[in-house]
S.K.: 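Dumping the structure here so I can ask a few things about it.
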Amino acid sequence: MNLPRRKLVVEDLTLGHWSRRSESFSVACDGLGFDVAENEFVAIVGPSGCGKTTFLTALAGLVPVSSGRLELNGKQIEGPAPDRSLVFQQASLFPWRNVVANIEFGLKAQKRLDAHGRARVAELVELVGLAGKEDTYPRELSGGMSQRVNLARALATDPDLLLLDEPFSALDAQTRELMQEELTRIWQADSAGSGKTAVFVTHDVPEAVFLADRVAVFSSGPAHLVEMVDIDLPRPRSRETKKSPEFQSLHDYILGLVMNQIQPGRRAIDHDSNAPAVG
Ligand SMILES: Nc1ncnc2c1ncn2[C@@H]1O[C@H](COP(=O)(O)OP(=O)(O)OP(=O)(O)O)[C@@H](O)[C@H]1O
Ligand SMILES: [Mg+2]
């Protein structure tokens, strides 16, 4: 990819806080560094508890930077702002608002719910496959549908940076696969979005490889970058992509890197003898 890698700059980043319980400085990320380019989709994988959510929360401006650089478009991230949207595992929709009112929420809060805003919401309802469900309330939606609303709500404000923390992990396996396919489709079709840069945290290595342009492998906590792996699989990607030897090889390589953080020295199952050796 020939895009400049400087939209998001993470440099020698430390995130920590004083823990009263242990009376010590608890560190979630230490010496973390990488760049993300405009329109790039970066997935983060790493051991449980290594600091992925803390990092994403810092990108959202909800956790202060202890030291190092965390910059979006050349400006240090210092707090929450409408240029970033955060999507969590649980859809957290407003139960008293219908689908459209939930999707409109961010635009309304930003006083941008004009004719253009309403057209954008209508377009997103179509895009996430919820046409006909506009007046439905969250209690009548399945988990997959709720997460579609959640995604549409995050996209409605056209954020410069979309932050997703295991957004599909509460879904059943089949719905999860469908949502992955939907997300790549939405990502490609959503030309109205001003910027389509995303940071996506997941435990699921196939999901990371399927969705991302690059996969960042985090170390066991406190997290630093073990390796940034280029996912040079062609787009558009489909279910067939997951069956290709290239996909399998990238999957095995990344899984090996993660397993090595969890149990140093141990290799992941070697499906493909051509897979690069685990570092
Ligand atoms: N602001 C903070 N500064 C320092 N440490 C923090 C902060 N917030 C949380 N932590 C600690 O950082 C560690 C990492 O937690 P975090 O939730 O980020 O991990 P994670 O990689 O998202 O884990 P999981 O994969 O299980 O979701 C935890 O021990 C947590 O208590
Ligand atoms: Mg987490």
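Whatever order the structure lists ligands and atoms in, that order sets their numbers, starting from 1. By convention here, the first residue in the shown sequence is residue 1.
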S.K.: Please say whether Gly49 places an N or O atom under 3.5 Å from an N or O atom belonging to ligand 1.
M.R.: yes
S.K.: Going by the side-chain contact (heavy atoms from CB on, under 4.5 Å) test, name the single residue among Pro47, Ser48, Pro264 that passes it with Ser220.
M.R.: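 Passing option: Pro47.
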S.K.: Return the closest protein heavy atom for atom 12 (O) of ligand 1 as residue, atom name and distance.
M.R.: Ala28 CB, 3.5 Å
S.K.: What atoms in ligand 1 come closer than 4.0 Å to a heavy atom of His203?
M.R.: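 Heavy-atom distances to His203 below 4.0 Å select 24 (P), 25 (O).
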S.K.: Going from CZ on Phe218 to CD on Gln261, what distance comes out if it is rounded to the nearest 0.5 angstrom?
M.R.: 11.5 Å
S.K.: Which of the atoms of ligand 1 are close to Ser26, meaning less than 4.0 Å from one of its heavy atoms?
M.R.: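 In order of numbering, the contacting atoms are 4 (C), 5 (N).
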S.K.: To the nearest 0.5 Å, tell me how far Glu38 CD sits from Thr197 OG1.
M.R.: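 One gets 4.5 Å once the value is rounded to the nearest 0.5 Å.
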S.K.: Using a strict 4.0 Å threshold on nitrogen-to-oxygen distance, state whether Arg235 and Asp213 make a salt bridge.
M.R.: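 Asp213 and Arg235: salt-bridged.
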S.K.: Which residue supplies the protein heavy atom nearest to atom 9 (C) of ligand 1, what is that atom called, and how far is it?
M.R.: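 Result: Thr54 OG1, 3.5 Å.
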S.K.: CD/Gln147 to OG1/Thr175 distance, rounded to the nearest 0.5 angstrom?
M.R.: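 Here the interatomic distance stands at 11.5 Å.
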S.K.: At under 4.0 Å between heavy atoms, which part of Thr53 makes contact with ligand 1: side chain, backbone, both or neither?
M.R.: both
S.K.: Can you pull out the closest protein heavy atom to atom 26 (O) of ligand 1? Residue, atom name and distance to 0.1 Å, please.
M.R.: Ser48 OG, 2.6 Å
S.K.: Between CG of Asn102 and OH of Tyr137, what distance do you get to the nearest 0.5 Å?
M.R.: 10.0 Å
S.K.: Of the protein's non-hydrogen atoms, which lies at the shortest distance from atom 27 (O) of ligand 1, and what is that distance?
M.R.: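 Result: Glu166 OE2, 3.6 Å.
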S.K.: Above 12 or not: heavy atoms from other molecules or residues under 6.0 Å from CD of Glu126?
M.R.: no
S.K.: Counting only nitrogen or oxygen atoms and a 3.5 angstrom limit, does Val63 reach ligand 1?
M.R.: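 Min N/O separation from ligand 1 is not below 3.5 Å for Val63.
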S.K.: Examine all N, O or S atoms of Thr53, backbone included, and report whether one is under 2.8 Å from the Mg ion (ligand 2).
M.R.: yes
S.K.: Give a yes/no on ligand 1: does Gly221 have at least one heavy atom closer than 4.0 angstrom to it?
M.R.: no
S.K.: Do Arg6 and Glu71 meet the salt-bridge criterion of a basic N to acidic O distance under 4.0 Å?
M.R.: no
S.K.: Give a yes or no on whether atom 31 (O) of ligand 1 lies under 4.0 Å from any heavy atom of the protein.
M.R.: no
S.K.: Which of the numbered atoms in ligand 1 are below 4.0 angstrom from a heavy atom of Gly51?
M.R.: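 Listed by number with element: 14 (C), 16 (P), 18 (O), 19 (O), 20 (P), 21 (O).
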S.K.: May I ask you to identify the nearest protein heavy atom to atom 6 (C) of ligand 1, giving residue, atom name and distance to one decimal place in Å?
M.R.: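 Sorting protein heavy atoms by distance from atom 6 (C) of ligand 1 puts His17 NE2, 3.6 Å first.
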S.K.: Roughly how far, to the nearest 0.5 Å, is the CD atom of Glu78 from the CG atom of Leu72?
M.R.: 12.0 Å
S.K.: Are any of the N/O atoms on Val27, whether in the backbone or the side chain, positioned under 3.5 angstrom from an N/O atom of ligand 1?
M.R.: no
S.K.: Report the distance from atom CG of Leu162 to atom CH2 of Trp187, rounding to the nearest 0.5 Å.
M.R.: 5.0 Å
